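We count ligands from 1, going down the list as the structure has it; atoms in each ligand are counted the same way. All values below come from the heavy atoms of this structure, side chains included, with hydrogens, waters and symmetry mates left out. Owing to the predicted nature of the structure, the values given are computational and were not obtained by experimental measurement.
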Amino acid sequence: MIGILKAAAAIASVGLLAACGSGPAPGGGSGGGDGGQLTMGFSQVGAESGWRTANTKSIQDAAAAAGVNLKFSDAGGEQENQISAIRSFVQQRVNVIAFSPVVRTGWDAVLLEAKNAGIPVILTDRAVDTQEKDVYKTFLGADFVEEGRRAGDWVVKQYASAPGPVNIVQLEGTTGADPAIERKTGFADAIAANPNLRVIASQSGDFTRSGGKQVMEAFLKANPKIDLVFAQNDDMGLGAMEAIEAAGLTPGKDVQIVAVDATHDGMQALADGKFNYIVECNPLLGPQLMDLAKKVVAGEPVPPRVVTPDEAFDQQQAAAVLPDRKY
Ligand code: GYE
């Protein structure tokens with residue numbers, strides 16, 4: 001029901017966008033180069049996590065700072081809403097379309113429509129799988145396999161001298177999403193270094209706090225001994241933390257928590273000793289996205305892939321950097 005409501009709200013907001021898109025239509029290719037204001041259509045995944053909220057704010061703030069006219073659409077986590085939003089941007093003849101794809105597959109038709117309309121597309125945050133040629137100009141975002149691998153490397157070091165099996169459970173992100181697929185791959189690669197490290201259960205918590213909590217409750221019921229949770233984002237880790245506490249156990253001690261993102265709430269939990277390690281994924285992509293968009297619209301070359309660098313934090317490091325964190 002909530003899903004349907006969200007979908008309806010997202011469709012309504014796309015309709016609204018279409019209705020107010022009747023100002024001086026810049027048209028594909030006419031903006032940016034002629035002194036006119038550049039118009040960007042941006043389709044966001046939704047508002048599932050602290051990471052996403054920070055990402056949305058970064059894009060909106062950077063657009064305002066760069067003088068970009070941003071048409072922002074929130075898909076409420078539904079691919080079909082993203083497809084309608086992108087179609088609407090094509091119809092409005094925005095100068096450039098950017099989007100963060102909820103899942104990796106199923107984009108070919110709409111990407112071809114944008115290409116045939118001569119409107120450049122930039123992927124931000126997440127990649128797509130496509131066989132089509134030249135359907136996007138560049139992909140800006142983190143290396144998710146590397147993030148998973150860094151989380152796994154820490155686990156390997158932590159349990160280097162474990163005498164017996166270490167029971168790990170994994171909270172996966174949205175099924176079919178690029179970061180869920182790649183963080184899982186990177187983590188599995190890294191922990192393969194020690195056969196004592198076993199993933200005894202792995203399930204999607206949809207990158208949300210409530211999803212992480214629910215799945216963790218089920219994991220705790222089904223498994224008498226869980227040593228460590230690998231949460232593919234902070235929000236699911238925070239949900240797992242609540243479930244662990246509700247089960248009378250101490251997060252960070254009885255059950256260790258390793259997560260990805262390094263949002264404010266995650267870093268606070270780490271500084272408080274309730275998380276054990278976080279690999280950062282920087283959501284502040286707005287300024288780079290606006291630069292790339294201006295170049296693409298001006299016909300200047302851009303690299304096909306722009307990787308954003310990430311750090312990683314243990315408890316002491318989190319406490320030290322927390323006051324200066326920007327998200
Ligand atoms: O890690 C998670 C969000 O795509 C990198 O999506 C992003 C992920 C992020 O919901 O918190």
>> When you compare the side chains of Q92 and S88, does any donor N or O come within less than 3.5 Å of an acceptor on the partner?
In response: yes
> Under the side chain to side chain donor-acceptor pair (under 3.5 Å) test, which residues partner T56, sequence neighbours left out?
Replying inline: Q44
> Between the side chains of S202 and E172, does any donor sit under 3.5 Å from an acceptor?
Replying inline: yes
> Taking NZ, NE, NH1 and NH2 as the nitrogens, is one of them in R150 or E147 under 4.0 Å from a carboxylate oxygen of the other?
Replying inline: no
> Where do D234 and T263 land on the side-chain hydrogen bond (donor to acceptor under 3.5 Å, both in side chains) test, with the steps shown first?
Replying inline: CA-CA 7 Å; D234 283 351; T263 54; 2.8 Å; yes
>> Taking non-hydrogen atoms within less than 4.0 Å of ligand 1, which protein residues qualify?
In response: E48, S49, W51, R52, D125, R126, F144, P179, R183, F207, N233, D261, C281
> In terms of side-chain heavy atoms, does D129 have a donor or acceptor partner in T105 at a distance below 3.5 Å?
Replying inline: no
